[in-house]
Amino acid sequence: MSEVRVRFAPSPTGPLHIGGVRTALYNYLFAKNKGGKMILRIEDTDQTRFVPGAEEYLIDALKWCGIELDESVVDGGEYGPYKQSERKAMYLPYAEQLVKDGFAYYAFDTSEELTAMRERMKAAGVPSPQYNSVTRTTMQNSLALSEDEVQKRLDAGDPYAIRIKMPRNEEVRLNDIIRGWVLVNTNNMDDKVIFKSDGMPTYHLANVVDDYTMKISHVIRGEEWLPSAPLHVLLYKYLGWENAMPEFAHLPLILKPDGNGKLSKRDGDRLGFPVFPTQWTNPETKETSSGYREGGYIKEAFINMLSFLGWNPGTTQEIFSMQELIEAFSLDRVGKAGAKFDFDKTRWFNQQYLRAKSGEVLAQDLQVILKENGVEADDKFVATVCEQLKERATFVKDMWEEGKYYFSAPTSYDEKTIRKKWKEDTPKYVLELKDRLAGLSDFSSENIEIEFKKYLEENELGMGKLLPAFRVSLTGLGMGPSLFDIASLLGKEETINRMEIALEKIN
RNA sequence: GGCCCGUUCGUCUAACGGUUAGGACAUGCGGUUUUCAUCCGUAAAAUAGGGGUUCGAUUCCCCUACGGGCUACCA
């Protein structure tokens with residue numbers, strides 16, 4: 001088998017949403033699994049939809065995801081250029097070739113004439129009018145007009161589009177890797193424009209020409225392309241490239257978690273989770289949409305979650321590194337049905353990855369948040385904080401929100417805990433405990449625990465009698481990690497100090 | 001409306017003719033824990049419906065229903 005070459009081919013019309021990221025990911029996993037190449041091609045044939053910054057966004061987002069490109073607009077490659085607008089000159093000759101061979105024709109219809117035709121057809125009871133073998137005879141094109149008239153218009157520089165001449169009643173079949181044989185009759189297909197009057201090809205032509213000239217072996221794309229895949233097959237055939245036609249794999253779509261329809265760009269912030277890999281600010285409206293990166297997600301968790309939306313390894317293993325995904329990935333195990341996005345599962349993945357990281361590594365991220373909040377802290381201290389908190393956090397930011405007491409003494413004390421656990425005799429016990437702790441030379445967690453328990457025993461007290469009061473004194477809260485660990489990390493001086501403040505403030 | 005694709009617990013999915021239909025997330029209930037979280041255990045939870053084919057259908061075929069996609073000189 002020849003070299004595997006796949007491409008991810010987005011349009012720079014806005015930010016890439018997670019469905020697009022998943023398509024890119026599956027392309028990448030497939031290519032790397034086969035030892036092949038991953039190519040990024042920018043499909044910017046529609047100049048009217050160009051959005052500034054979208055291309056840069058896309059490249060940056062892919063990079064954050066760890067999807068590496070072998071050939072792209074960034075690093076080039078031997079099949080460039082990798083942007084369709086820069087390949088503009090390549091397409092017209094192929095379109096003209098098709099006209100010459102009788103597979104396509106010139107169409108001079110204006111958009112007004114096209115709408116008029118549709119209106120007419122609708123009035124006559126055709127629900128979705130098409131430019132096809134029957135309607136084309138009534139339109140302004142090189143099939144209906146005389147040869148002289150066509151030449152005259154061409155010479156006069158009249159704008160024209162080139163349409164494919166869809167044959168009557170032919171079966172087009174294609175063998176999709178995921179869906180098997182798909183059969184479509186050409187009677188249900190229309191004379192799609194393949195070359196626009198603005199001098200650019202449409203997606204269909206550009207796609208086929210580029211995939212052929214870039215020696216793409218597998219086209220892995222979203223299911224929304226399945227209806228036009230037969231057209232592409234026909235194009236390969238008419239261009240004489242049937243033997244070099246890539247294999248197709250149409251991926252199921254990612255659906256909204258609630259209600260119906262495919263996940264759209266607007267769903268994210270509506271439902272409280274990001275739909276974009278990284279944050280995006282609309283250059284026109286300045287409206288910002290949240291991203292996973294900025295939301296504090298671990299990219300490996302994000303990728304792992306995405307990989308499981310429509311694919312599974314067939315085992316019970318769920319945590320996969322990118323390398324493991326590459327090794328395990330196969331298109332055979334991609335499902336056929338659309339998958340509803342599950343935000344809870346996404347959080348769960350992040351939690352798993354968070355806990356697998358060391359305190360030192362997490363500390364680097366937590367330090368960023370601490371600095372933003374004006375907190376200066378020693379790396380080693382922060383690493384221990386992370387070690388103590390990571391089991392109960394989903395995001396790094398949780399550790400800041402739930403562990404502020406590590407960095408400054410509490411300014412308020414949880415009311416409910418006070419009400420339930422701070423009784424009349426509590427101050428006396430806290431005071432005595434404070435003195436006992438002050439006498440310790442070894443302020444390790446173990447030693448504090450021993451001393452604490454000794455005190456309880458001597459006074460015939462239970463854990464529940466004094467520990468909550470001790471905790472609220474140090475942290476202001478009724479819950480958290482092992483208090484002995486916290487006290488030890490805070491150190492003797494700070495612990496004693498906080499107990500004194502609490503005794504003063506709580507009564 | 002037409003064309004195409006799809007349909008297993010609430011969700012993601014496993015089982016590629018023979019299983020008590022398995023796992024994970026979420027949920028309920030226990031246990032562990034000073035507490036919360038974790039962790040452990042446990043429960044409830046599905047083959048859309050109807051016909052075939054077969055000794056036997058989640059699995060193959062047909063119909064219906066439902067869902068999705070497409071139906072632009074957008075990709």
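Below, chains carry the letters A, B, ... as their sequence lines are ordered, and counting in each starts from 1. FYI, side chains are in, hydrogens and waters are out, and symmetry mates aren't considered; it's all heavy atoms of this structure.
Closest contact between the side chain of A/R471 and the listed nucleotides B/A15, B/C73, B/U34 involves B/U34.
If you check B/G6 for Watson-Crick or wobble pairing at under 3.5 angstrom, you find it paired to B/C66. In this structure, B/U20 makes no Watson-Crick or G-U wobble pair, since no nucleotide meets both defining distances under 3.5 angstrom. Summarising the base pairing, B/U47 is matched to no nucleotide, lacking a Watson-Crick or G-U wobble pair whose two defining distances lie under 3.5 Å. B/U38 is unpaired under the criterion used here, namely a Watson-Crick or G-U wobble arrangement in which both key atom distances are under 3.5 Å.
In this structure, NE2 of A/H232 is placed 14 Å from P of B/C70, rounded to the nearest angstrom.
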Please tabulate, one pair per line, each protein N/O and nucleotide N/O from nucleotides 38-47 of chain B that are separated by under 3.5 Å, including the distance.
unit_1: B/U38; atom_1: O3'; unit_2: A/R355; atom_2: NH1; d: 3.2
unit_1: B/U38; atom_1: O3'; unit_2: A/R355; atom_2: NH2; d: 3.3
unit_1: B/U38; atom_1: O2'; unit_2: A/E391; atom_2: OE1; d: 2.7
unit_1: B/C39; atom_1: OP1; unit_2: A/R355; atom_2: NH1; d: 3.2

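Donor-acceptor pairing under 3.5 Å, judged by distance alone, is present between the side chain of A/R49 and the base of B/C74. Judged by distance alone with a 3.5 Å cut-off, no donor-acceptor contact links the side chain of A/S111 to the base of B/C73.
With 3.5 Å as the limit, one finds a donor-acceptor pair spanning the side chains of A/D210 and A/Y91. A/Y429 and A/N459 share no side-chain donor-acceptor pair at under 3.5 Å.
Nucleic acid contact class of A/M479 (heavy atoms, under 4.0 Å, all strands): base.
For an aromatic pair to be called close, the ring centres must be under 6.0 Å apart, and A/F302 with A/Y297 fails this.
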